[in-house]
Amino acid sequence: MFDSLYELISNYTYQTVALGSLLLGLISGVIGSFTYLQRQGLLGDGISHSTLPGIAIVFMLWQSKNNALLLIGAAIAGLLAMMFVLNIVKYTRVKFDASLALVLSVFFGLGMVCMTYVQNMPNASQAGLTSFILGQAATMLRSDLYFMLICALIVLSLAMLYWKEFQLFIFDRDFAQSSGYSTSLINGILACMIVMGIIVGLQTVGAILMCAMLISPAAAARQWTDKFPSMVILSALFASISGLIGTSISSLVTQMPTGPSIVIIINSLVIVSMLIAPRRGLIAKVCQRRQNRINFNKKSLENVLGN
Amino acid sequence: MSSGIEIQLIAIIVALSCVLPGVFLVLRRLSMLVESITHTILLGIVLAFLITHDLNSPFLIIGAALVGVLTSWLTELLSKSRLLSHDACTGVVFTLLFSIAVILLSKFASKVHLCTDAVFMGELAFAPLNRLLVSGYDLGPVALYVSGVILLVNLFIVVLFFKELKLATFDPMLASVLGLSPVVMHYLLMTIVSVTAVGSFQSIGSILVIAFMIGPPVTAYLLTDNLKHMILISAGGAILNSILGYHFAHMLDVSLAGSMSCMIGVSFLLVFIFAPQRGMLSMNRRRRRQKLEFAKSTLLFHLYNHEPRVEREQSIARQLNWSAEFSLLVLQILKKEDKLRISADGVRLSPMGYEQLKQDQQAIFNRL
């Protein structure tokens with residue numbers, strides 16, 4: 001048991017992937033708390049699907065598999081998609097969810113068109129797309145790790161720098177606006193942060209499951225606290241720990257994909273938190289209700305006996 | 001029939017069967033639930049496949065439909081606990097079920113041909129290759145029959161329960177008071193969404209099902225306020241997009257379903273910009289006009305409040321926190337409408353201005 005664990009920890013690939021998941025958890029946990037409280041958790045899902053045409057077009061134009069270039073393409077496509085989603089909601093009566101679903105699927109379709117154009121054959125790229133959708137943590141290199149580290153530093157410093165603004169913006173947007181903070185600027189910074197987080201996650205957990213990395217840690221953290229700073233820290237902590245455990249499980253069990261095992265861990269954490277969290281949790285609520293009933297009956301009995 | 005016509009026919013039928021539930025999904029704000037269902041049906045497909053070991057088995061559809069309903073139920077369950085926001089519930093449930101599906105797939109089904117690409121992408125171009133043969137006679141592609149049956153079922157349900165669906169969509173309270181359970185309607189809708197999604201995934205892929213379901217109804221939503229018209233416009237749009245998309249794909253030799261969803265995107269974009277009343281241009285125009293109207297009223301009230309003092313033309317901009325150009329514009333319009341008089345000592349209300357003021361005041365206080 002300990003031997004295999006030791007072997008695991010000293011494994012170079014495992015170290016890289018585990019560190020990567022840890023960093024991803026840190027980034028997505030922080031950004032996730034922002035989007036979760038704005039009730040835009042699914043935005044991450046939409047954006048991550050929408051990055052496909054960016055990757056495809058970069059590949060089409062430069063024929064390169066250079067990671068950095070592809071990720072820049074993904075970032076541009078993601079930001080563009082986000083702009084579309086928010087503007088459709090702003091200018092029409094179409095609701096956020098419909099706008100998101102439309103944009104993500106159309107962008108994905110555009111991505112497929114570009115992919116098939118590159119291949120110039122009727123079937124989409126088999127190798128590229130699966131890894132885009134489900135991630136390929138095992139192929140992570142040290143250089144990817146540096147990229148993630150830089151992204152993490154940028155996201156964390158942006159979060160610290162604009163802490164007050166973000167907080168104001170999330171909890172009372174109208175007040176923030178009337179106090180003279182530029183909504184479009186804060187929105188833009190948040191958008192860049194979300195897109196950066198998604199790009200970091202594309203390789204580890206893939207486009208579809210990136211959504212869980214943005215929603216679940218924040219959702220779990222929300223159960224334990226009512227304070228924003230502790231929620232952000234808890235969320236980052238939950239996400240990093242799940243990343244670590246998920247990676248370990250996928251390395252110990254054969255044919256266990258990394259992304260899905262991380263997601264299952266973090267989602268189980270959400271369910272456990274919903275059950276056992278103090279005060280908010282379902283079990284705590286049941287106990288509270290019973291306590292209330294007993295107190296009420298005691299009071300009634302006292303009243304009856306007293307009179 | 002040539003394969004080109006067969007492909008277009010299949011595409012049109014799939015698009016039509018997607019649009020029928022899609023209209024209600026858009027109106028009920030369930031678009032992202034569809035997105036989650038189109039992913040989780042993978043779990044149903046994988047489970048049914050592991051039991052039957054046959055990709056064409058009807059159990060795949062049943063399994064997928066069950067998982068689709070399960071997804072919707074679990075999302076509602078989490079949402080009812082009120083511990084998570086609704087979109088978070090959707091996210092948690094679908095990623096959990098989807099992860100289980102992917103793990104099962106890579107652990108048990110990796111040796112057989114059921115790759116995730118096939119589920120997400122689908123391939124319309126291959127649809128005519130799989131033919132329905134009855135005692136040696138070629139009766140056309142299987143996909144045509146599968147999607148035809150699904151279209152008929154959807155049409156039947158929407159026509160039969162039109163009134164109920166409409167009421168449950170627009171006024172769920174009234175629907176439950178009248179004894180038409182909105183919950184039953186919800187799960188009925190979710191069932192046909194799952195069945196449609198799984199029936200279409202082989203031809204257009206599960207992610208593009210979302211484009212087919214949501215795209216045309218959202219476009220129609222910007223053009224009409226009538227539910228029946230909305231269904232008809234979306235159906236027309238779906239047919240048009242399928243045909244245009246087919247020819248576009250043929251021209252560039254690219255993915256059929258992808259180019260159809262691009263057409264859906266393009267037609268939405270055109271409607272989004274140019275739609276009468278609800279388009280971006282007319283919305284902008286209306287907002288500008290409203291802003292001007294509001295500014296006109298504000299200025300009149302402002303002058304009235306400051307009476308008998310007379311405000312100077314230049315100080316108005318500063319007092320109302322307007323830019324100099326904007327206040328000049330408002331002043332000029334009001335002067336042209338003869339609602340105020342501008343003289344050397346300042347700006348005064350004219351009798352017409354008082355009249356307007358009275359009207360505005362009445363409009364505001366009557367509404368209160």
Side-chain angles (χ1 to χ4, degrees), chain A residues 36 39-42 45 49 87-88 91-95 97-102 104-117 120-124 126 129-130 133-134 208-209 211-212 214-216 218-219 222-223 255-257 259-261 263-264 267 270-271 274 280-282, chain B residues 26 29-32 34-35 39 78 81 83-88 90-92 94-96 98-100 102-103 106-107 110 115-117 120-121 123 125-126 205 207-211 214-215 218 221-222 249 252-262 264-265 268 272 278-280 283-284:
Chain A
Y36 178 82
R39 290 170 188 268
Q40 292 187 335
L42 288 173
D45 182 46
H49 281 84
N87 273 314
I88 290 172
Y91 283 107
T92 65
R93 57 175 178 173
V94 175
K95 299 295 172 304
D97 65 324
S99 153
L100 188 59
L102 176 75
L104 91 85
S105 53
V106 168
F107 265 65
F108 196 83
L110 182 66
M112 274 181 65
V113 166
C114 298
M115 283 278 187
T116 43
Y117 188 77
N120 211 11
M121 54 190 242
N123 205 355
Q126 302 291 353
L129 274 176
T130 317
I133 287 178
L134 298 176
I208 294 175
L209 295 177
C211 165
L214 285 175
I215 293 180
S216 306
R222 177 68 188 87
Q223 309 309 318
Q255 291 228 312
M256 189 71 140
S261 40
V263 169
I264 286 190
N267 278 339
V270 174
I271 292 164
M274 283 175 72
R280 262 175 80 94
L282 292 175
Chain B
V26 168
R29 302 182 193 181
L30 291 175
S31 311
M32 284 316 273
V34 181
E35 140 87 356
H39 287 100
L78 282 191
S81 75
L83 292 175
L84 304 176
S85 61
H86 190 78
D87 63 326
T90 316
V92 169
F94 108 72
T95 51
L96 185 63
F98 184 75
S99 303
I100 296 173
V102 173
I103 288 176
S106 68
K107 276 200 90 73
S110 57
C115 61
T116 37
D117 274 9
F120 292 121
M121 309 305 152
E123 189 44 72
F126 296 156
I207 294 177
L208 298 182
V209 171
I210 307 163
I214 305 298
V218 166
Y221 187 49
L222 295 182
L252 294 179
D253 194 11
V254 291
S255 151
L256 283 163
S259 84
M260 284 172 194
S261 57
C262 284
I264 291 173
F268 173 79
F272 168 63
R278 308 205 184 283
M280 196 172 82
M283 192 66 114
N284 256 343

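Sequence lines set the chain letters: A, B, ... in the order given, protein chains first and strands last, and positions in each chain run from 1. The shown structure was predicted, so the numbers you read here are calculated from the model rather than taken from an experiment.
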With chain A as the partner, which of [options] has the greatest number of non-hydrogen pairs under 4.5 Å?
options: B/Leu83, B/Asn284, B/Ile214; answer: B/Leu83
options: B/Ala88, B/Ala249, B/Gly215; answer: B/Ala88
options: B/Leu96, B/Leu30, B/Val209, B/Leu222; answer: B/Leu96

Can you tell me how far the OH atom of A/Tyr36 sits from the CG atom of A/Leu42, to the nearest 0.5 Å?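 Here the interatomic distance stands at 11.5 Å.
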Interchain contact, B/Met283 with chain A, by part (heavy-atom threshold 4.5 Å):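 The side chain, not the backbone.
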Of the options A/Leu100, A/Leu104, A/Val106, which is the one that meets A/Leu102 in a side-chain contact (heavy atoms from CB on, under 4.5 Å)?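 So the option named by the test is A/Val106.
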Given the options A/Leu214, A/Val263, A/Asn87, which has more heavy-atom pairs under 4.5 Å with chain B than any of the others?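 If we count pairs closer than 4.5 Å to chain B, A/Val263 comes out on top.
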Once the angle between the rings of B/Phe94 and B/His39 is folded into 0 to 90°, is it parallel (under 30°), tilted (30 to 60°) or perpendicular (over 60°)?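 B/Phe94 and B/His39: parallel rings.
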Per-residue contact mode, A/Ile271 against chain B (heavy atom under 4.5 angstrom):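 Contact with chain B is through the side chain of A/Ile271 alone.
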Select one option (side chain, backbone, both, neither) describing which atoms of A/Val94 are under 4.5 Å from chain B's heavy atoms.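 Both the backbone and the side chain of A/Val94 come within 4.5 Å of chain B.
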Mind checking what makes side chain to side chain donor-acceptor pair (under 3.5 Å) contact with B/Thr95, not counting sequence neighbours?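 Testing B/Thr95 for side chain to side chain donor-acceptor pair (under 3.5 Å), a comparison that skips the adjacent residues, returns A/Asn267.
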Is there a donor-acceptor contact under 3.5 Å from the side chain of A/Asp45 to the main chain of A/Cys211?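 No, because the side chain of A/Asp45 does not come within donor-acceptor range (under 3.5 Å) of the backbone of A/Cys211.
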Are the side chains of B/Met280 and A/Thr92 in contact, using a 4.5 Å heavy-atom criterion?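 SC-SC contact between A/Thr92 and B/Met280 ruled out.
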